[in-house]
Amino acid sequence: LADDVYTSRQLVDMERRSDELSEEEAHIPTGIAKLDKYIGGLDRGSMYVIAASTRIGKTVLGVNVAANALINHNKRVLYFSLEMSRGQMIRRFYACMGELGMSEIKDSNRDKKTTKLLEKVRQKFASSELLICCRGSLTHLDIRSLTRKYLHTGLDLVIVDYLQILKPEGKSFSREREVASMSQSL
């Protein structure tokens, strides 16, 4: 608890250090110009929750933000997908990175131009700093543990898709309270 109490001098020193960081070090752009204009990119150490109805595109948004961080800003990203398989996630990243439709990724009879582009995307994907965990039965404690395990490798961004599927630990409350409790623990 004492670690959470700061003197005014310590706070000023912390602010000075954060002012000395370049824009690239302090914030990770989402790659969505209007969103970045409003929020200034994703701040280090902050948690952002994207909430919307089903089939609105939360996963697409998460993949786009991750791909932008990976490819355009050379960031190291840990992506937890609680609802999709490894193959589905790879295809999502390929589609995003190659600006291809999912049907073009899945089509085994694709034209030469698309095949060539997909091979470039695969190479780009293979050289990126992406870590993906595709397991639907994770708890918030699992996510914290895995994040800590990879934190020393220089993680820049962690994405959890999606929070509502996380398994609660211990006593069961209303689902709303469970999700709130799990997001607070992250």
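On a predicted model such as this, the values are computed, not experimentally measured, just so you know. Both backbone and side-chain heavy atoms feed into the values below; hydrogens, waters and symmetry mates do not. Position 1 is the first residue of the sequence, and the numbers go up from there.
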> Between E119 and R122, does at least one N-O distance fall below 4.0 Å, as a salt bridge requires?
Replying inline: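 Salt bridge flag = yes for R122 with E119.
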With the side chain counted from C-beta on, respond yes when [X] and [Y] share a heavy-atom pair under 4.5 Å apart, and no when they do not.
X: L61; Y: I50; answer: yes
X: R148; Y: R144; answer: yes
X: L118; Y: I105; answer: yes
X: K75; Y: N68; answer: no
X: L131; Y: V77; answer: no
X: L82; Y: R135; answer: no

Under 3.5 Å, is there a donor-acceptor pair between the side chain of [X] and the main chain of [Y]?
X: Q10; Y: T7; result: yes
X: S128; Y: F125; result: yes
X: S145; Y: L141; result: no
X: H73; Y: L70; result: no
X: N64; Y: C96; result: no
X: R110; Y: D107; result: yes

Assigning hydrophobic clusters by single linkage (Ile, Leu, Val, Met, Phe, Trp, Tyr; side-chain heavy-atom cutoff under 4.5 Å), is [X] placed with [Y]?
X: Y48; Y: I56; answer: no
X: V60; Y: M84; answer: no
X: V160; Y: Y150; answer: yes
X: I71; Y: I32; answer: yes
X: V63; Y: M102; answer: no

With rounding to the nearest 0.5 Å, note down the distance linking [atom1] in [X] to [atom2] in [Y].
X: L35; Y: L42; atom1: CG; atom2: CG; answer: 7.5 Å
X: Q123; Y: M97; atom1: CD; atom2: CE; answer: 11.0 Å
X: I143; Y: L138; atom1: CD1; atom2: CG; answer: 5.5 Å
X: T30; Y: K37; atom1: OG1; atom2: NZ; answer: 13.5 Å
X: C133; Y: D142; atom1: SG; atom2: CG; answer: 8.5 Å
X: T147; Y: F80; atom1: OG1; atom2: CZ; answer: 4.0 Å

Donor + acceptor pair across side chains of [X], [Y] (<3.5 Å):
X: T153; Y: R76; result: yes
X: D111; Y: T114; result: yes
X: S81; Y: D161; result: no

> Would you call the rings of Y79 and F93 parallel, tilted or perpendicular if under 30° counts as parallel and over 60° as perpendicular?
Replying inline: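 Perpendicular: the ring planes of Y79 and F93 meet at over 60°.
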What closest approach, in Å, do [X] and [Y] show between heavy atoms, and which atom pair accounts for it?
X: A69; Y: I28; answer: CB-CG2, 3.9 Å
X: Q88; Y: E83; answer: OE1-O, 4.4 Å
X: L157; Y: A66; answer: CD2-CA, 4.4 Å

> Should the heavy atoms of other residues, nucleotides or ligands under 6.0 Å from OH of Y38 be counted, would the total exceed 12?
Replying inline: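 Result for OH/Y38: open.
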